[in-house]
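Okay, structure first, notes after.
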Amino acid sequence: MDEQALLGLNPNADSDFRQRALAYFEQLKISPDAWQVCAEALAQRTYSDDHVKFFCFQVLEHQVKYKYSELTTVQQQLIRETLISWLQAQMLNPQPEKTFIRNKAAQVFALLFVTEYLTKWPKFFFDILSVVDLNPRGVDLYLRILMAIDSELVDRDVVHTSEEARRNTLIKDTMREQCIPNLVESWYQILQNYQYTNSEVTCQCLEVVGAYVSWIDLSLIANDRFINMLLGHMSIEVLREEACDCLFEVVNKGMDPVDKMKLVESLCQVLQSAGFFSIDQEEDVDFLARFSKLVNGMGQSLIVSWSKLIKNGDIKNAQEALQAIETKVALMLQLLIHEDDDISSNIIGFCYDYLHILKQLTVLSDQQKANVEAIMLAVMKKLTYDEEYNFENEGEDEAMFVEYRKQLKLLLDRLAQVSPELLLASVRRVFSSTLQSWQTTRFMEVEVAIRLLYMLAEALPVSHGAHFSGDVSKASALQDMMRTLVTSGVSSYQHTSVTLEFFETVVRYEKFFTVEPQHIPCVLMAFLDHRGLRHSSAKVRSRTAYLFSRFVKSLNKQMNPFIEDILNRIQDLLELSPPENGHQSLLSSDDQLFIYETAGVLIVNSEYPAERKQALMRNLLTPLMEKFKILLEKLMLAQDEERQASLADCLNHAVGFASRTSKAFSNKQTVKQCGCSEVYLDCLQTFLPALSCPLQKDILRSGVRTFLHRMIICLEEEVLPFIPSASEHMLKDCEAKDLQEFIPLINQITAKFKIQVSPFLQQMFMPLLHAIFEVLLRPAEENDQSAALEKQMLRRSYFAFLQTVTGSGMSEVIANQGAENVERVLVTVIQGAVEYPDPIAQKTCFIILSKLVELWGGKDGPVGFADFVYKHIVPACFLAPLKQTFDLADAQTVLALSECAVTLKTIHLKRGPECVQYLQQEYLPSLQVAPEIIQEFCQALQQPDAKVFKNYLKVFFQRAKP
C-alpha cells in the first residue's frame with residue numbers, strides 16, 4: 001500500500017494529501033488485484049487507523065459491486081474467507097470497531113450476500129451465526145448485516161433494475177423457504193438474552209424484527225411468545241420506543257380483515273390493562289409520539305378491515321370492526337389534543353379516515369356527533385400559535401408548525417364534508433366571541449379566529465367564490481362574520497400575524513364587497529396606511545403589496561370613486577429608488593411591481609374618457625422615463641463595476657415597472673382604445689438606447705427584450721418601426737444565451753405580423769444565421785457540459801425559428817436568400833434531423849422538411865429542390881431512425897419518428913409514383929432491404945390513413961435495428 005497516500009485519508013490531512021488519497025482510491029478501484037492487498041490488510045489486521053480500515057472496505061465494496069463476475073472461483077472464495085476471518089477477529093478484539101466501520105462492513109457482507117446467496121453461499125446465515133453465537137459484539141454485527149440486507153432487498157428508496165428486482169424476489173422466496181424460521185429463532189434468543197442487560201443490542205434486534213415483518217410470514221412474529229415479549233418491552237423505559245415501532249410494523253402488515261381485527265383488539269386489551277391508554281399519566285413525549293404512531297396504525301388498520309368487510313358484504317364483522325374503531329376514538333382525541341405537536345400530528349391519519357367513515361354513514365349516533373364536535377374543537381385549539389413561535393425569524397420549528405397546520409386544515413376540510421352546518425356554527429361562535437373583545441385577547445386567539453373564517457372559504461366550496469349567494473343561512477352567517485371583521489377595528493391589532501390574516505381574509509372574500517360596497521373605503525385605508533403598505537414590518541408590507549393588487553383587480557368595477565385618491569396616496573411608493581440616495585424605500589422592487597400593476601389596472605379599468613386615461617398613464621410613466629435617461633447617462637460614465645451593476649439593476653427595474661403597467665390592458669380595453677399608445681411609444685424610445693450600452697449588456701438587454709415582447713402584444717403594428725434597430729443592437733457581439741433569448745422575440749413578431757414583416761425578415765435572416773453559426777462553431781472544452789447544453793438549446797432555438805418562418809407561410813424569406821444560402825440552411829436542417837441525438841430538435845427539423853416539401857416539392861417548385869428531396873431528405877428519414885442514439889422507447893423520440901413519417905407521406909403526396917419508384921428501385925435496395933420488405937414498406941406508404949403508416953414505420957425500424 002502507498003503509505004503516503006493513506007495519510008490523506010485522515011479528515012484533518014491537508015488538501016494535497018487528500019487529493020493524493022482520492023487518486024490512490026481511484027487507482028486501486030481500477031487495478032485488477034489491489035483488492036487482494038486490502039483483503040489481506042483486513043484479515044490480518046495490518047492497520048490500526050480507522051480511516052485506512054474503512055478505505056479497505058470501500059475497495060472491497062467496489063470489487064463486489066462492480067467487478068465480481070471478473071474474479072476466479074478461488075478469488076471469490078478468498079473474499080468470503082476474508083470477511084469471515086474479519087468477523088471472527090471482532091469477537092476477540094479488546095475494543096469494538098467504530099460504528100462507521102461496522103456499518104461499512106455490514107454493507108459489504110450484504111452486497112456479497114445478494115450476489116452469492118442463490119448460487120455459491122446458501123449457508124450464508126448459518127456460517128455467520130456459527131461465528132457470532134451470542135457474543136454481544138458478534139450479535140451487533142449480525143444485526144447490522146441483516147439491516148443492510150433488508151435495505152438491499154426491500155428499500156423503496158433504492159432504484160433497482162428489473163433484473164435486480166427479479167433477483168431480490170427470488171432471494172426473499174428462497175430465504176422464506178430455507179432460513180427465515182431460524183433467523184426468527186435467533187432474534188427471539190437475542191431478545192430474551194439481552195433484554196435486561198444490553199439495551200443497545202435489544203433495540204437493534206427490535207428494529208430488525210420491525211423491518212423483516214413486512215415480508216416474512218407474520219405468524220412467526222404475531223404469536224404469544226413474541227408478542228408477550230414485545231409487550232413486556234413496552235414497560236422497560238430504554239426499550240419501549242423501539243418496541244412501539246416494532247408493534248407498529250406488525251399491525252401494519254397486510255392480512256385478512258377479521259384476523260387483523262382480532263390481532264389489533266388483543267393488543268389493545270393488553271395495552272389498556274397495562275395502563276398505556278392513560279395518556280395524562282405519561283410525561284415522556286418521545287415515547288408518546290411513538291405510541292401515537294402505533295395507535296394511528298391500529299386505528300387505520302381497523303378502518304381498512306371495515307372497508308374490506310363492507311365491500312365483501314360481511315355486515316356482521318363490519319359492525320364489529322366499526323365498534324372496535326369507536327372504542328379507540330376517546331384515546332385518539334386525547335392524542336390529537338396533546339400539547340406536543342408531534343404526538344398530535346402522528347394521530348391525524350386515523351382521525352381523517354374515521355371522519356371518512358362517518359361521511360359514508362347515512363345517520364350519525366349522538367356519540368358520533370359528539371366525536372365530530374370534539375375533533376372540531378381539538379383542531380381549532382391546535383391551530384393556535386404558541387408563545388415561542390418566532391415571527392421575525394422563522395426557523396425549522398416554525399416550518400414544522402406550518403406543515404402541521406396544513407395537516408389540520410385537511411382535517412377541517414373533512415369535517416366540513418361530514419357536517420358543514422356544525423363547522424359553520426362552531427367557527428361563528430369562536431369568531432364572534434373573540435372579535436367582541438379583541439382588544440383584550442391574546443394575539444394567537446385573535447389570529448386563529450380570523451384564520452378559521454379564512455379556512456371556511458375552502459372547506460365550504462362554492463363555484464367562483466360565490467359565498468354570499470345561494471344557501472341563505474350560510475351566506476348570511478359568512479356575511480355577518482365579514483361585516484364584523486371589517487367594522488370591528490381588528491385591522492389595528494398590534495401583531496403581524498393578525499394583520500396579515502386580516503388582509504388575506506379580506507381578499508379571499510372579495511365578493512362580500514360587491515354585496516356591501518359601503519365597507520370598501522375603510523378596507524382601502526387599511527391597505528394604504530400603517531396597517532398595510534406602510535406597516536413597520538417589511539414582511540407585512542411585502543405581502544400587502546401583492547394582496548392589494550388582487551383586491552383592486554377583483555373589485556375594479558367598484559373602484560371608480562377612489563381611483564385618483566388611491567393614485568395620489570401610492571405616489572411615494574412608486575418612486576424608483578436609485579442606488580446612490582442611500583434612502584431605504586418601504587417596498588422592494590418586486591413589491592413595487594404589484595403597485596405599478598395596481599396603478600395600471602385602476603387607470604385602464606376606470607370609467608374615464610380616453611384623454612383622462614392617457615393623462616394619468618403619462619403621470620405614472622413619465623417619472624420612470626426621466627429617471628431612466630439620467631441613470632443611463634450615469635452608467636455610461638461609471639468606472640466601478642459594483643456601481644455599474646447597481647445602476648443597471650435600477651434601469652432594469654424601471655423597464656420592468658413600465659412593462660408591468662401594460663398587464664392591465666385586454667381585448668376589451670386595448671392600448672389604442674385607452675389612448676395610451678403614445679405614452680408606451682415614448683417609453684420604447686426612451687428604453688431602446690440602453691441596447692447600445694456596452695456595459696452590463698446581459699441585464700439591460702434582458703429587460704428591454706421583455707418590454708418589447710409586451711409591446712408587440714399591446715401596441716400591435718405601431719411597434720414595427722422600432723424592431724429593425726433593436727434587432728441590430730441585440731445581434732452585436734452576442735453569446736449563445738443572448739441569441740437563445742432573442743429568437744423567441746423574432747418568432748413572436750413573425751407569427752403575429754406574418755407578411756407585414758417579410759421585408760425586415762429577409763434583410764435580417766442571414767445576419768441572424770451568421771450570428772448563430774458563429775456561436776455554434778466556437779470551439780469548446782470536450783467535457784464542458786454547460787457549453788454543450790447551451791449549444792444544444794441554441795440549436796433548438798434556431799430550428800424553432802425556421803419552423804416559425806416556414807409555418808407562417810413565409811418561405812419566400814428563405815427562398816430569396818440566394819441559392820447558396822438556401823442550400824446552406826437546408827443542409828443544417830438535414831444535419832439537425834440526423835446527426836445530433838436530440839429528439840426535440842429532430843422533431844422540429846422533420847416538421848420544417850415536411851413544410852418545405854409541401855411548399856416547394858411540387859412540379860413548379862424551385863429548381864433543384866426535387867433533387868435535394870431525393871439526395872438528402874429521403875435518406876434523412878432513414879438515417880436518423882437507424883442511428884443507435886435514436887431510442888424508440890423514449891417518448892420524445894417517438895414524436896420525432898412521427899414527424900419523420902409525415903415527411904415521407906408529404907414527399908409521396910407531392911411526387912406521387914416517382915417517389916415510390918425511387919424507394920423501390922434505388923434507395924431501399926442500397927440499404928440492403930429485402931425485396932418483400934421493400935414491397936411491404938411501399939404499400940404502407942401508399943395507405944391513405946397516415947396513422948397506419950406511422951405505426952408501420954415504428955415497427956419497420958424496430959426490426960431493422962440490431
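These numbers were taken from a predicted model, which means no experiment stands behind them.
Checking side-chain atoms of S278 against main-chain N and O of D280 turns up no donor-acceptor pair under 3.5 Å. In this structure, the side chain of W438 engages the main chain of S488 through a donor-acceptor pair within 3.5 Å. With hydrogens and angles disregarded, a donor-acceptor distance shorter than 3.5 Å links the side chain of T514 to the backbone of K511. When atom types are taken as modelled, the side chain of Y354 and the backbone of G299 share no donor-acceptor pair closer than 3.5 angstrom. In this structure, the side chain of Y454 does not engage the main chain of E501 through any donor-acceptor pair within 3.5 Å. Although no hydrogens or angles enter the test, the distance criterion places a donor-acceptor pair under 3.5 Å between the side chain of D386 and the main chain of Y389. Using a distance-only test at 3.5 Å, with no hydrogens or angles considered, a donor-acceptor pair links the side chain of S301 to the main chain of G297. Between the side chain of T622 and the backbone N or O of N619, no donor-acceptor pair lies under 3.5 Å. Looking only at distances, a side-chain donor or acceptor of S476 sits under 3.5 Å from a matching main-chain atom of V472. A side-chain donor-acceptor contact under 3.5 Å links Q592 to the backbone of L573.
A salt bridge links R442 with E387: at least one charged nitrogen is closer than 4.0 Å to a carboxylate oxygen. Between E510 and K553 there is no salt bridge, since no side-chain nitrogen of the basic residue lies less than 4.0 Å from a carboxylate oxygen of the acidic one.
Considering only residues two or more places apart in sequence or on other chains, D341 meets the side chain to side chain donor-acceptor pair (under 3.5 Å) condition with K382. By the side chain to side chain donor-acceptor pair (under 3.5 Å) test, K293 is found to be paired with no residue, residues two or more places apart in sequence or in another chain being considered.
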**Request:** Please assess E575 against K627 for the test salt bridge (charged side-chain N to carboxylate O under 4.0 Å, His left out), listing each intermediate value before the final yes or no.
**Result:** CA-CA 10 Å; E575 267 182 43; K627 227 11 152 350; 5.4 Å; no
**Message:** Pair R710, S662 - check side chain to side chain donor-acceptor pair (under 3.5 Å), show working.
**Reply:** CA-CA 7 Å; R710 289 287 318 146; S662 73; 2.9 Å; yes
**Request:** Any chance you could lay out the side chain to side chain donor-acceptor pair (under 3.5 Å) test for D649 and S646, step after step, and finish with the verdict?
**Result:** CA-CA 5 Å; D649 254 344; S646 62; over 6 Å; no
**Prompt:** Which is it for F276 and M234 under the side chain to side chain contact (heavy atoms under 4.5 Å, CB included) test, yes or no, and what are the steps along the way?
**Reply:** CA-CA 9 Å; F276 283 104; M234 289 285 285; 3.5 Å; yes
**F687 and F628: CA distance, side-chain angles, deciding distance, ring pair (Phe, Tyr, Trp, His ring centres under 6.0 Å) verdict** = CA-CA 8 Å; F687 299 152; F628 188 91; 4.8 Å; yes
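For an aromatic pair to be called close, the ring centres must be under 6.0 Å apart, and F443 with Y493 fails this.
Between the side chains of Q368 and E326, at least one donor-acceptor pair of N or O atoms lies under 3.5 Å. A side-chain donor-acceptor contact under 3.5 Å links H495 and S497. Residues S426 and E373 have side chains that never bring a donor and an acceptor to within less than 3.5 angstrom of each other. Judged purely by distance below 3.5 Å, without hydrogens or angles, the side chains of R405 and Y385 pair a donor atom with an acceptor atom. No hydrogens or angles considered: nothing links the side chains of E564 and N568 as a donor-acceptor pair under 3.5 Å. There is a side-chain donor-acceptor pair under 3.5 Å between S473 and D471. Between the side chains of Q417 and D413, not a single donor N or O lies within less than 3.5 Å of an accepting N or O.
Residues L456 and L412 are not in side-chain contact: their nearest non-hydrogen atoms beyond the backbone lie 4.5 Å or more apart. Under the 4.5 Å side-chain criterion, counting only non-hydrogen atoms from C-beta, R428 is in contact with D480. Side-chain contact check for M617 versus C674: every heavy-atom pair is 4.5 Å or farther apart.
For the pair R660 and Y596, the cation does not sit on the ring face, since its NZ or CZ is not both under 6.0 Å from the ring centre and inside 45° of the axis.
Rounded to the nearest 0.5 angstrom, F401 CZ and L383 CG are separated by 7.0 Å. Distance CG/L452 to CE/M481: 9.5 Å, rounded to 0.5 Å. Atom CZ of R483 is separated from atom CZ of F512 by 6.0 Å, given to the nearest 0.5 angstrom.
In this pair, Y680 and F665 present their aromatic rings perpendicular. The plane angle is above 60°, beyond the 30 to 60° band. Between F551 and F527, the ring planes are tilted. Angles from 30° to 60° get that label.
When the shell of 6.0 Å around CD of Q360 is examined, it contains more than 12 heavy atoms from other residues, nucleotides or ligands. Within 6.0 Å of CD in Q518 there are more than 12 heavy atoms belonging to other residues, nucleotides or ligands.
A pairwise comparison of heavy atoms in L533 and I595 identifies CD2-CD1, 3.9 Å as the closest pair. Across all non-hydrogen atoms, the minimal contact from R531 to T499 is O-CG2, 3.1 Å. For G703 against V655, the heavy-atom pair with the smallest separation is O-CG1, 3.4 Å. Of all heavy-atom pairs spanning T434 and T441, the tightest one is O-OG1, 4.0 Å. Between V430 and S433 the shortest heavy-atom distance is O-OG, 3.2 Å.
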